[in-house]
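The figures that follow rest on heavy atoms only: side chains count, while hydrogens, waters and symmetry mates do not.
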Amino acid sequence: MAMTSIGVPKLEFTFRSAAEETASRLKNGVVALIIRDTMKDGGLFSVASGDDIPAKLSAANAAYVKRALMGCRGARPGRVYVSVTGADGDIVADGAGALSAVDFDYLAGPPDMTAEDAAKLLAWLEKARKGYCIGKLVAADYPADNMAVVNFSATDISDGTSTYTAGAYCSRIAGILASTDLAASATFAPLPEVVSVGAVEDPDAAVNAGKLILLHDGRKAKLCRAVNSLTTVPAGGKESLRKIKVVEAVDLIRSYALRLGEDKYMGVRNNSYDNKLAFVAGLQEYLQELEALGVMAAGTGNAGIDFEAQRAWLKASGAAVEKMSDEEITQADTGSHVFILLSGTIMDAMEDFSLALTMGGNA
């Protein structure tokens, strides 16, 4: 009999077109920043307010951290983790490595991060996202075509005193996204400190190209439609995966499901049908909470045993599935494997308006 590899126990969350739009992140998410600085005592710092910013940081880097704390619409990030490397520090080994043990929602690199740096950081992040990590990368002018990357594109960002590049404002964007309630959207989120920004010749084309841009409407500066860098929708996916709001929700459901499985079930309970149903019930309860919060459409959240995946596994294992009833397949012994299907519909934000005015009388 051929040897098979069992390897390390693992949990996998499979994207399904009918299940992909999910979950909630209320305000006060977490930002992670990687910065290069000449301060001697680098490392990882936890910053909840301006008073926590390391005093030895350069003025430019301290301002970069402060911008992350500004937040949006009256809310602020709950925390900003600042990973400080040397002036020539490696963005992954020295910067991202320190972030491996913390949870964060949005990550931004140094203001002068190059496309090569961004590619290395994204490679690290994608590995982390195969587990519980829900972090997304905010990078300047980095068209990654990736739902986990926000491609921030702007020029001549002025606060009336100084002018900034898009790279210098990535921390600000990460802070806005982390402090936006997932029942809402960062679309048209205001940046009250910005008095002017470089004009975008064709905003529609920029958004369609996966760019998160800044506009000034004559009254205020604001984000345009809150999209990530995804332009090629994966097979079985939906256009809504291009929206930052939707992907954050998907990530949170995925992370919750994996954590619940590991903390309460993996290696703790035998793989009986009853225990599978208990796991399903926990997931169902979470989805219903999301519905109550207005993140998912009422009555759409559903968790259950993935019949098709379970049938395929049984068939590959030699079971005569064509002779089994649906109930027998659903309740069958699947060894150490648990197949769960989550489904639901994420509520989108109000973004596209059509207004009409009807006048009466003799005018």
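- We find the OG1-CZ distance between Thr330 and Arg311 to be 11.0 Å, quoted to the nearest 0.5 Å.
- Nearest heavy atom pair, residue Asp94 against residue Ser83, reads O-OG, 3.8 Å.
- Interatomic distance, CZ of Arg259 versus CZ of Arg254, reported as 9.5 Å (0.5 Å rounding).
- The main-chain N or O of Thr345 is found under 3.5 Å from a side-chain atom of Thr300 such that the two form a donor-acceptor pair.
- Taking the charged nitrogens against the carboxylate oxygens, Lys238 and Asp348 have no contact shorter than 4.0 Å, which rules out a salt bridge.
- Taking a 4.5 Å side-chain heavy-atom cut-off between Ile, Leu, Val, Met, Phe, Trp and Tyr, the cluster of Phe339 extends to Phe307, Trp313, Leu314, Val321, Met324, Ile329.
- Of the possible donor and acceptor atoms, one in the side chain of Thr187 sits under 3.5 Å from a partner among the backbone N and O of Ala226.
- Residues Met147 and Ile244 are members of separate hydrophobic clusters, defined by side-chain heavy-atom contacts under 4.5 angstrom among Ile, Leu, Val, Met, Phe, Trp and Tyr.
- Here the closest heavy-atom approach between residue Arg172 and residue Gly71 is recorded as NH1-O, 2.7 Å.
- A side-chain donor-acceptor contact under 3.5 Å links Ser229 to the backbone of Val149.
- Between Tyr64 and Cys170 there is a side-chain heavy-atom pair separated by less than 4.5 Å.
- Relative orientation of the Tyr169 and Tyr164 rings is tilted, given thresholds of 30° and 60° on the angle between their planes.
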Would you mind writing out the side-chain donor-acceptor pairs for residues 43-54 within the sub-3.5 Å range, not counting sequence neighbours?
{"unit_1": "Ser46", "atom_1": "OG", "unit_2": "Arg79", "atom_2": "NH1", "d": "2.6"}
{"unit_1": "Ser49", "atom_1": "OG", "unit_2": "Asp51", "atom_2": "N", "d": "3.4"}
{"unit_1": "Asp52", "atom_1": "OD2", "unit_2": "Ala48", "atom_2": "N", "d": "2.8"}
{"unit_1": "Asp52", "atom_1": "OD2", "unit_2": "Ser49", "atom_2": "N", "d": "3.2"}

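- Remark: Lys222 NZ is packed, more than 12 non-hydrogen atoms of other residues, nucleotides or ligands lying under 6.0 Å away.
- Residues Lys136 and Leu177 form no side-chain contact, since every pair of their non-hydrogen atoms from C-beta on lies 4.5 Å or further apart.
- The shortest side-chain heavy-atom distance between Asn270 and Asn275 falls under the 4.5 Å cut-off.
- Between Pro111 and Thr165 the shortest side-chain heavy-atom distance does not fall below 4.5 Å.
- No side-chain heavy atom of Leu121 sits less than 4.5 Å from a side-chain heavy atom of Tyr142.
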>> Between Asp145 and Thr231, does the side chain to side chain donor-acceptor pair (under 3.5 Å) criterion hold? Intermediate values first, please.
In response: CA-CA 5 Å; Asp145 192 9; Thr231 54; 3.1 Å; yes

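- Judged purely by atom type and a 3.5 angstrom limit, Asn228 has no side-chain atom pairing as donor or acceptor with the backbone of Ala148.
- Under the 4.5 Å side-chain contact rule for hydrophobic residues, Val150 and Val200 do not share a cluster.
- One N or O on the side chain of Glu291 and one on the backbone of Gly301 form a donor-acceptor pair closer than 3.5 Å.
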> Does the salt bridge (charged side-chain N to carboxylate O under 4.0 Å, His left out) test come out yes or no for Asp251 and Arg129, once each step is laid out?
Replying inline: CA-CA 9 Å; Asp251 280 346; Arg129 283 174 55 83; 2.8 Å; yes

> Checking side-chain contact (heavy atoms from CB on, under 4.5 Å) for the pair Val338/Met266: CA distance, chi angles, key distance, verdict?
Replying inline: CA-CA 10 Å; Val338 181; Met266 183 179 283; over 6 Å; no

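- With Ser153 contributing its side chain and Ile213 its backbone, the two residues share no donor-acceptor pair below 3.5 Å.
- Taking OG of Ser158 as the reference point, atom NE2 of His216 lies at 9.5 Å (rounded to 0.5 Å).
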>> Could you walk me through whether Ile134 and Glu248 satisfy the side-chain contact (heavy atoms from CB on, under 4.5 Å) test, starting with their C-alpha distance in whole Å, then the side-chain angles of each, then the deciding distance to 0.1 Å, before giving a yes or no?
In response: CA-CA 7 Å; Ile134 61 173; Glu248 186 171 359; 5.8 Å; no

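- With Ser255 contributing its side chain and Leu252 its backbone, the two residues share no donor-acceptor pair below 3.5 Å.
- Nearest heavy atoms, Arg269 versus Lys264: NE-O, 3.7 Å.
- Annotation: side chain of Val207 is in contact with side chain of Cys224 (closest heavy-atom distance under 4.5 Å).
- A donor-acceptor pair is defined here as one N or O able to donate and one able to accept, closer than 3.5 Å; such a pair exists between the side chain of Arg67 and the backbone of Ala168.
- Nearest heavy-atom pair across Leu122 and Ala144 is CD2-CB, 4.2 Å.
- At least one side-chain heavy atom of Pro77 sits under 4.5 Å from a side-chain heavy atom of Ser179.
- Under a 3.5 Å cut-off, the side chain of Thr85 and the backbone N or O of Gly95 do not form any donor-acceptor pair.
- No continuous path of ILVMFWY side-chain contacts below 4.5 Å connects Met70 to Val30, so the two sit in separate hydrophobic clusters.
- Closest approach of Gly344 to Met296, counting heavy atoms only: CA-CE, 3.4 Å.
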> Please walk me through it: do Val197 and Leu191 pass side-chain contact (heavy atoms from CB on, under 4.5 Å)?
Replying inline: CA-CA 11 Å; Val197 63; Leu191 289 78; over 6 Å; no

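- Criterion: ILVMFWY side-chain heavy atoms under 4.5 Å apart, direct or through other members. Under it, Phe104 and Ile173 are not part of a common hydrophobic cluster.
- Looking only at side-chain heavy atoms (C-beta outward), Gln331 and Lys276 stay at 4.5 Å or farther from each other.
- A salt bridge links Glu239 with Arg242; the closest basic N to acidic carboxylate O contact falls under 4.0 Å.
- Within 6.0 Å of CG on Asp88 lie no more than 12 heavy atoms contributed by other residues, nucleotides or ligands.
- Taking both residues in full, the closest heavy atoms of Leu212 and Phe152 are given as O-CD1, 3.3 Å, listed atom of the first, atom of the second, then distance.
- Taking CD1 from Ile157 and OG1 from Thr155, the interatomic distance works out to 7.5 Å, rounded to the nearest 0.5 Å.
- In this structure, the separation between OH on Tyr256 and CG on Leu287 is 9.0 Å, given to the nearest 0.5 Å.
- In the hydrophobic cluster analysis, where Ile, Leu, Val, Met, Phe, Trp and Tyr join through side-chain heavy atoms closer than 4.5 angstrom, Phe188 is grouped apart from Leu223.
- Listed for the Tyr106 side chain is no donor-acceptor partner under 3.5 Å among the backbone atoms of Ile176.
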> Would Val102 and Leu99 satisfy side-chain contact (heavy atoms from CB on, under 4.5 Å), going step by step from the backbone distance to the final call?
Replying inline: CA-CA 6 Å; Val102 299; Leu99 298 172; 4.1 Å; yes

Distance-only donor-acceptor pairs under 3.5 Å for side chains of residues 31-39, two or more places apart:
{"unit_1": "Arg36", "atom_1": "NE", "unit_2": "Gly89", "atom_2": "O", "d": "3.2"}
{"unit_1": "Arg36", "atom_1": "NH2", "unit_2": "Asp117", "atom_2": "OD2", "d": "3.4"}
{"unit_1": "Asp37", "atom_1": "OD1", "unit_2": "Met39", "atom_2": "N", "d": "2.9"}
{"unit_1": "Asp37", "atom_1": "OD2", "unit_2": "Ser58", "atom_2": "N", "d": "3.0"}
{"unit_1": "Asp37", "atom_1": "OD2", "unit_2": "Ser58", "atom_2": "OG", "d": "3.2"}
{"unit_1": "Asp37", "atom_1": "OD2", "unit_2": "Asn61", "atom_2": "ND2", "d": "2.6"}

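- By the neighbour-count criterion of 12 heavy atoms within 6.0 Å, atom CD of Glu322 is densely surrounded, having more than that number from other residues, nucleotides or ligands.
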